[in-house]
Amino acid sequence: MSQVFMKSLLPAVFSGLVLVLAGCGGSDQPVFEDVTYSSGLDYQGMTHGAAWGDFDGDGYPDLYLNNHLNEAGLYRNKGDGRFEDASALFAGAGDRGGDAHGASWADFDNDGDQDLVQLTGAMVGVGAEPKKLFLNESGVFRDVGEALGVGNPLGRTRTPLWFDADRDGRLDLFMGAEARFDDETPPFWFLQTESGFRPDTEIGGDIFRSTPFCLISELDGDRIPDLICRVHAPRHAYQIKSSASRPFEALDLLPNTAFSDIAAGDFDGDLDFDLYLARNATAGQVVWAQPRANELQVDLKADRKTGTDSFGFSFRSRGEVEFLVSKAHSYKPFSHKQILIGGQGRHPAGFSFTLSPEGVVGLAPDEAVEESRLRVGFKAPDQWTVFLQSVPSQSGKGARKLKYDHLAIQINSTAVVDNVEALGVETRSTAAQDRLFINHSGSFQEEGDNRGIGHPLPSASVVAADFDNDMDLDLYVVSADQIGNPANVLLMNKGDGHFEKVGNAGGALGSRLGIGETVVSADFDRDGFVDLLLANGASMGPSLGPASDQGGYQLYRNRGNGNHWLEIDLEGTASNRDGIGAIVYLTAGGITQVRMQDGGMHHLSQNDMTLHFGLGKHQAVDEIEIHWPSGTVQRVSAVAADQLLLIREEAP
């Protein structure tokens with residue numbers, strides 16, 4: 001007998017489980033409304049993804065916010081649209097600090113509550129920093145990472161993935177990572193045993209040395225989850241067929257293509273999982289953004305590959321100008337005495353300084369520069385120039401080696417700032433063509449141009465969900481330059497895998513402040529419509545600086561419509577407790593939809609694990625069919641719409 005339970009939700013109160021059954025298109029109308037202010041999520045600064053998970057078991061998804069280099073935050077969902085800070089539930093001092101990267105909720109010990117893994121960096125790629133595994137002990141979190149064998153201090157880790165790699169009913173842990181800058185090769189896979197975790201080096205070989213994230217989907221029609229990974233070198237989507245044998249078998253279903261994030265789902269309704277790849281291009285040496293009319297944010301980057309000794313930018317402004325210079329990365333410490341102002345080459349008193357046009361006439365000559373310096377000059381009536389001078393060092397007879405500098409500059413003026421131009425280098429757009437690969441019975445074909453994905457974007461993140469509950473999967477894409485925040489994009493599915501761009505992103509354009517980083521989805525208010533949380537404080541590489549410090553989070557509530565829905569939580573018994581790896585088919589009104597319980601993971605972040613199905617005008621579900629990771633196939637019939645169900649895996 002199948003066990004199906006209705007989760008009854010009241011505002012901020014979960015009333016328990018009640019046994020109820022025993023079973024054998026696009027428009028310019030607003031879809032979302034910004035409720036950030038009323039929600040209580042008022043953090044400002046660097047982000048690094050976010051993770052939805054119901055840690056207190058009340059039926060409402062809670063939020064863990066990584067906040068990179070700042071203290072991470074845990075926010076309890078009160079069920080009335082508001083969140084309260086619950087960060088004090090971390091038991092140890094310093095648990096929320098460090099170089100926090102991706103995090104993920106999962107019930108790894110199968111005890112009925114959600115635990116949390118928090119990955120970290122490795123001290124600029126050459127040091128050590130332990131990873132944290134927080135055990136949920138009646139709502140209080142204790143770090144057991146080192147005790148259980150997943151401390152992995154040398155790992156330069158990015159995004160975790162919980163996945164039962166050896167099919168023993170216990171979740172194993174993959175730590176997506178980038179290669180270290182030395183010869184160390186820390187482990188990436190940790191298999192769970194009865195007493196903890198042990199590293200496994202046989203699953204995928206050296207390909208995982210520089211793989212920031214993987215997600216799971218089903219690619220070849222065998223109803224067994226496969227892995228899709230972003231690999232830095234040679235920059236492509238690496239597909240792996242999971243199996244009980246070692247190593248996993250490599251699949252060759254997609255062409256080599258770089259991408260920033262990926263969403264898997266059945267977009268064309270044929271019950272095969274398709275793939276949307278969000279992509280962007282590498283920025284040039286001079287990148288800028290204007291969050292406000294009198295404000296300018298600029299990144300200047302020089303390295304050995306550029307071959308340019310002096311370059312910069314100019315802008316026009318008639319007012320006083322405040323400069324804030326910060327070192328994102330540099331080959332050696334950068335001093336404010338390496339900044340030269342005006343033709344006389346005077347030094348500012350610090351990295352923050354305000355200049356009047358009459359006091360900055362001219363530009364320090366090249367011969368005044370003995371090593372890497374920043375030069376700021378002015379030419380009447382309103383022309384400002386800034387140059388980064390990187391003087392080659394000598395190494396051997398006649399050799400020239402360019403030193404490395406990367407500076408972020410925040411500019412605020414009392415007047416309008418305009419006519420921004422790069423000097424000495426060509427600018428380069430970060431927009432790229434996103435790609436939509438349609439799965440034709442295990443053969444993938446790129447069909448984006450023919451299906452409404454013909455718009456180049458600097459795409460950073462993507463989620464797929466049925467936002468209007470019309471029985472097909474839509475797409476929401478976060479756009480982000482290396483510095484700057486273009487408008488985001490909402491693509492509504494017309495019902496056959498063709499998409500239409502919605503004006504103003506359906507009300508979820510995003511913020512002009514900060515730098516777009518990631519989006520995570522959840523029906524946070526449990527009204528049956530999928531909502532969005534945006535992280536706008538991207539803070540890695542070129543974006544580390546003043547721009548990311550203006551970032552934060554935005555919560556967009558789905559306004560809903562008259563369509564019906566069903567949401568499903570899975571509870572494994574022979575399979576892992578979260579049912580990660582299960583495939584669920586739902587049929588209503590003769591239309592069948594499919595979802596995979598993938599744990600919600602994608603680049604840096606975690607969507608809510610509750611499976612959501614839009615039902616259109618149908619008030620009941622004909623049948624639900626679950627293919628559990630254990631191999632059990634379970635069916636449930638005649639289910640009423642508009643409820644959240646818990647389906648427990650029946651005994652094989």
Side-chain angles (χ1 to χ4, degrees), residues 32-37 41-50 65-68 70 260-261 278-284 286-301 313 315 324 326 328 408-412 417-418 420 427-432 434 455-463 475-491 501-520 532-556 603-605:
F32 300 99
E33 59 181 345
D34 190 337
V35 295
T36 311
Y37 179 78
L41 301 174
D42 57 356
Y43 167 87
Q44 180 177 339
M46 292 183 287
T47 58
H48 210 293
L65 305 178
N66 299 311
N67 298 343
H68 203 198
N70 297 323
S260 52
D261 198 8
R279 306 172 69 240
N280 53 29
T282 302
V286 181
V287 186
W288 67 82
Q290 280 198 265
R292 303 180 179 92
N294 65 333
E295 184 178 342
L296 183 65
Q297 296 169 343
V298 186
D299 261 26
L300 298 176
K301 182 179 179 181
F313 64 97
F315 64 93
L324 174 62
S326 62
I409 304 174
Q410 173 79 27
I411 293 170
N412 300 299
V417 174
D418 56 18
V420 186
T427 57
R428 186 163 61 231
S429 172
T430 57
D434 287 359
H455 39 271
L457 296 169
S459 301
S461 183
V462 59
V463 293
L475 291 159
Y476 182 86
V477 183
V478 171
S479 301
D481 284 323
Q482 292 293 98
I483 180 171
N485 226 1
N488 299 330
V489 175
L490 176 64
L491 298 168
K501 184 177 179 181
V502 179
N504 296 316
L509 281 172
S511 172
R512 289 186 60 85
L513 296 177
I515 301 173
E517 179 184 68
T518 191
V519 55
V520 283
L532 299 171
L533 180 87
L534 308 186
N536 290 311
S539 52
M540 293 291 285
S543 57
L544 184 61
S548 61
D549 291 338
Q550 292 185 357
Y553 302 94
Q554 288 178 284
L555 183 63
Y556 285 101
H603 184 220
L604 297 179
S605 296

For this session: Could you grab the distance from atom CG of Leu41 to atom CG of Leu65, nearest 0.5 Å is fine?
Result: 6.5 Å
Seminar exercise, completed: Taking every heavy atom of Ala508 against every heavy atom of Phe32, the minimum-distance pair comes out as CB-CD1, 3.9 Å
Exercise. Is any side-chain heavy atom of Asn504 closer than 4.5 Å to a side-chain heavy atom of Leu509?
Worked result: yes
For this session: Would you give the length of the straight line joining atom CG of Asp34 to atom CG of Leu532, rounded to the nearest 0.5 angstrom?
Result: 11.0 Å
Problem set entry | Residue pair Ala289 / Pro291: nearest heavy atoms and the distance that separates them | O-CD, 3.6 Å
Exercise. Within the side chain of Asn485, is there an N or O that forms a donor-acceptor pair under 3.5 Å with the backbone of Ala480?
Worked result: no
Problem set entry | Under 3.5 Å: donor-acceptor pair, side chain of Ser260, backbone of Ser459 | yes
Exercise. Is any side-chain heavy atom of Val462 closer than 4.5 Å to a side-chain heavy atom of Leu475?
Worked result: yes
Problem set entry | Val286 and Leu300, any side-chain heavy atoms less than 4.5 Å apart | yes
Exercise. Counting distance only, does the side-chain N/O of Arg512 pair as donor-acceptor with the main-chain N or O of Gln290 below 3.5 Å?
Worked result: yes
Exercise. Any sub-3.5 Å donor-acceptor pair from Tyr556's side-chain atoms to Gly510's backbone N or O?
Worked result: yes
Exercise. What's the shortest heavy-atom distance between Val520 and Ser605, and which atoms?
Worked result: CG1-CB, 3.2 Å
Problem set entry | Geometric class of the Tyr43/Tyr553 ring pair [parallel <30°, tilted 30-60°, perpendicular >60°] | tilted
For this session: Give the intermediate values and the outcome of side chain to side chain contact (heavy atoms under 4.5 Å, CB included) for residues Leu513 and Arg292.
Result: CA-CA 9 Å; Leu513 296 177; Arg292 303 180 179 92; 3.6 Å; yes
For this session: Determine, stepwise, if the pair His48 / Asn67 fulfils side chain to side chain contact (heavy atoms under 4.5 Å, CB included).
Result: CA-CA 6 Å; His48 210 293; Asn67 298 343; over 6 Å; no
Seminar exercise, completed: In this structure, CD of Gln554 is separated from CG of Asn536 (nearest 0.5 Å) by 5.0 Å
Exercise. When rounded to the nearest 0.5 angstrom, what distance separates CG in Asn280 from CG in Leu457?
Worked result: 10.0 Å
Problem set entry | Stepwise side chain to side chain donor-acceptor pair (under 3.5 Å) check, Thr430 with Asp481 | CA-CA 6 Å; Thr430 57; Asp481 284 323; 2.4 Å; yes
For this session: Determine whether Pro458 and Pro486 make a side-chain contact, defined as any pair of heavy atoms from C-beta on separated by less than 4.5 Å.
Result: yes
Problem set entry | Distance in Å, Gln550 CD paired with Gln297 CD, rounded so as to fall on 0.5 Å steps | 5.0 Å
Exercise. Under 4.5 Å between any side-chain heavy atoms of Thr427 and Trp288, yes or no?
Worked result: yes
Exercise. How about Val519 and Leu533: do any of their side-chain heavy atoms sit closer than 4.5 Å?
Worked result: no
For this session: Working to the nearest 0.5 Å, report the span between CG of Asp261 and CG of Leu604.
Result: 8.0 Å
Exercise. For the residue pair Leu491 and Lys501, what are the closest heavy atoms and their distance?
Worked result: CD2-CA, 3.8 Å
For this session: Go through the steps for Phe315 and Ile411 under the test side chain to side chain contact (heavy atoms under 4.5 Å, CB included), then give the verdict.
Result: CA-CA 10 Å; Phe315 64 93; Ile411 293 170; 3.7 Å; yes
For this session: Specify the closest pair of heavy atoms between Thr518 and Gly49, including all atoms of both residues, with the distance to one decimal.
Result: CG2-CA, 3.6 Å
Problem set entry | Asp434 side-chain N/O to Ala278 backbone N/O, donor-acceptor pair under 3.5 Å | no
Exercise. For Ala431 and Ala281, which heavy atoms make the closest approach, and how far apart are they?
Worked result: O-CB, 4.0 Å
Problem set entry | Any side-chain donor near an acceptor of the partner, Glu517 and Thr47, under 3.5 Å | yes
